[in-house]
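Predicted model, so just to flag it, every value in this text is computed and none were measured. Numbers restart at 1 for each chain; the letters A, B, ... are given by sequence-line order, proteins then strands.
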There are 2 protein chains.
Amino acid sequence: MSVAPPRPKGPHLNALRAFESAARLKSFAAAANELCVTPGAITQHIKALEAWAENDLFVRRTRGVELTPLGEELLPEFTAAFDMLGSAVQSLRTKSTPNKIRIATLPSIAQLWLSEKLGELRRVAPDISVSVVAVETSPNLARDPYDVSIFFKHGELSSTETDLFQDRIFPVCTPEIAARLTSVSDLEGETLIHDSTWAGDWGYWLERVPDSARDGKRGPTHSLFSVALEEACNGAGILMAHEALVLAKLQAGALVAPFPHKVSLDRSLVMDVAPRFRNTVACKMLKLAMIEKLSA
Amino acid sequence: MSVAPPRPKGPHLNALRAFESAARLKSFAAAANELCVTPGAITQHIKALEAWAENDLFVRRTRGVELTPLGEELLPEFTAAFDMLGSAVQSLRTKSTPNKIRIATLPSIAQLWLSEKLGELRRVAPDISVSVVAVETSPNLARDPYDVSIFFKHGELSSTETDLFQDRIFPVCTPEIAARLTSVSDLEGETLIHDSTWAGDWGYWLERVPDSARDGKRGPTHSLFSVALEEACNGAGILMAHEALVLAKLQAGALVAPFPHKVSLDRSLVMDVAPRFRNTVACKMLKLAMIEKLSA
DNA sequence: TATTTGCCGTAGAAAAACTCAACCAAGTGA
DNA sequence: TCACTTGGTTGAGTTTTTCTACGGCAAATA
């Protein structure tokens, strides 16, 4: 009824972003992590937004939060909007600095496989600068600040994805240890080195190899594959290796594969490219460097 | 090459909004106005964004700014993103408070026509609360915080729009003044009251009425029609009235129309409803109140 | 029963955003 | 021609927002 002052302000953009993140992840803590702030900050944003709307968006349970029907209803709209905004921002970045590539990948891939390939890329196209960001989970290429992602993937590839290699595993160790291993059953009694991200690897391999020991759980576990690899090089035991990650060590002779049995996992290392980045010069150069070397 | 720290931050959301606004309006000053800040704030945001992108988005001319090709290329993406975000926010508002309606309209419509209709609405649906915001130009209903807009429009109506009435103009004055006017030519020598937003009205009317004076420029101009109307009621002269805006005064006898000639302008007062607001209860009630009374 | 997990609340600190006022340069117009 | 206007810029200072730190709490876990 009353004539309001012009342009009533909406909620703060950061509050909207906090809502979108918290709602999508169904957790304030996770949203805080995603946005690189403390959970308290998320609480405040959400509260501010709820106050503005004069309605609750979340029901607070003692352990975690839950969306109200209203929040649930609104989430897709906000997610779509922030996807689009993120995409616009990334588009700005890509178009502004076409020679800077950002790659997201697993820490072990970054360290043990990718760095070599990037040497190749630098040789081919020295004006392209690459940042590698080691993350645990595959990012949303449309929204997040990466041009390329390299992760293991199971199942069908989309048309934008490139298969880099199939993941194959087999035991590796120092030549000294290998000398005392003549058959798979000799593993009984040896120290088996594990990687926590691929905890089931030893079990998977042993299952598929005849005459092998049953127990694939013995021995130390490392959270980084690169550490496990280093341990193996130091003769600490036998590591279940992923082929591409130990090639360099095998070629250098630091490690050997004592058995001929290589087991294929039903997944591949897959490279995906952000929509805006396809068909750029830098993208072509990158693919060249990655795939060229692979066939060699 | 180097392994960057995780989650590199993007530009501030407010900077993006400033860019979108400035780019769309092709003016920092206009953007400042739209976002209710000073031009200096816009300058700062844009500069920050340009620094982040390491690229210019605008070329500064001495009189105003111009988009660079890069900025031009990016604008549609950002506009789409902010449209969507605005729409999501309005959706939140509408769904949170379905009984609060915001109407955007011209100041004169708000004061002289709408307030009466809203009385009717309040009678029919007392639980609906209405805010009327007087603005000069029609808002983007998908993005801006209004559920309904009421503006004059020329040409075809879209399916979401409702024609409220055709705009017709004719002179009005107090009965005392009317007493000494027997023919249109008597206007010669009288004081003609003008409204600045519809400056050409007198000329338009005079052109279309036989035997009229040629000069439609004499007399005082007011920037608000309501002020001009008040002046007319005080006997300050003869006002070129818009029919719907003076009905109440005519009915009350404060003003009369000294001549029978009513001239139709080729435009109508048109009501448009935001997408999210269509099919809501409040919307139906509003339409009822607006159109019901009209036919009476 | 002790511990952990995940959100809340507040106080104070840090960062961002904004205003203000002076300034500049190119048109405009008296 | 000289003052005025327009539209953007700049930097200092201030306000507002945003964030962190940290104690608290309640339920699930062990």
Tell me the interatomic distance from A/I46, atom CD1, to D/dT18, atom P, rounded to whole angstroms.
13 Å
In whole angstroms, how far is the C1' atom of D/dT18 from the CG atom of A/L49?
15 Å
Which of these, B/R102, B/K100, B/R93, B/K95, sits in a salt bridge (charged side-chain N to carboxylate O under 4.0 Å, His left out) with B/D147?
B/R93
Nearest of D/dT6, C/dC8, C/dA17 to any side-chain atom of B/H12?
C/dA17
Between A/K47 and C/dG9, is there a side-chain N or O to OP1/OP2 distance below 4.0 Å?
yes
How close do B/I46 and B/A22 get, heavy atom to heavy atom, and via which atoms?
CD1-CB, 4.2 Å
Any idea which of C/dA16, C/dC7, D/dT9 is nearest the A/A29 side chain?
C/dC7
Ring centroid separation A/W198 to A/Y204 under 6.0 Å:
no
Residue-phosphate contact under 4.0 Å: B/R60 side-chain N/O, D/dT9 OP1/OP2
yes
In whole angstroms, the gap separating C1' of C/dA26 from CZ of B/R61 amounts to 13 Å
Could you check whether any side-chain N or O of B/S108 sits under 3.5 Å from a backbone N or O of B/F225, counting only pairs where one atom can act as donor and the other as acceptor?
no
Minimum heavy-atom separation for A/T221 and A/D195, please, with both atom names.
CG2-C, 4.2 Å
Please give, in whole Å, the distance from D/dG8 P to B/E66 CD?
12 Å
Under 4.0 Å: is that the gap between some side-chain N or O of A/H45 and OP1 or OP2 of D/dC19?
yes
Tell me: NZ of A/K26 to P of C/dC7, nearest whole Å?
13 Å
Check whether any side-chain nitrogen or oxygen of A/T43 sits under 4.0 Å from OP1 or OP2 of C/dC7, and answer yes or no.
no
Can a donor-acceptor pair be found between the side chains of A/R276 and A/T94 at a distance below 3.5 Å?
yes
List the steps, then state whether side-chain contact (heavy atoms from CB on, under 4.5 Å) holds for A/L206 with A/M240.
CA-CA 10 Å; A/L206 289 169; A/M240 182 52 61; over 6 Å; no
Please report, rounded to the nearest Å, how far the C1' atom of D/dT18 is from the CG atom of B/N14.
12 Å
From CG of A/L13 across to C1' of D/dT16 the rounded distance in Å is 15 Å
Under 4.0 Å from OP1 or OP2 of C/dG6: is there any side-chain N or O of A/S27 that close?
no
A/W52 CH2 to D/dT17 C1', straight-line distance once rounded to whole Å:
18 Å
Short N/O separations, protein against nucleotides 19-25 of chain C, under 3.5 angstrom:
| unit_1 | atom_1 | unit_2 | atom_2 | d |
| --- | --- | --- | --- | --- |
| C/dT19 | OP2 | B/T38 | N | 2.6 |
| C/dT19 | OP2 | B/T38 | OG1 | 2.9 |
| C/dT19 | O4 | B/Q44 | NE2 | 3.2 |

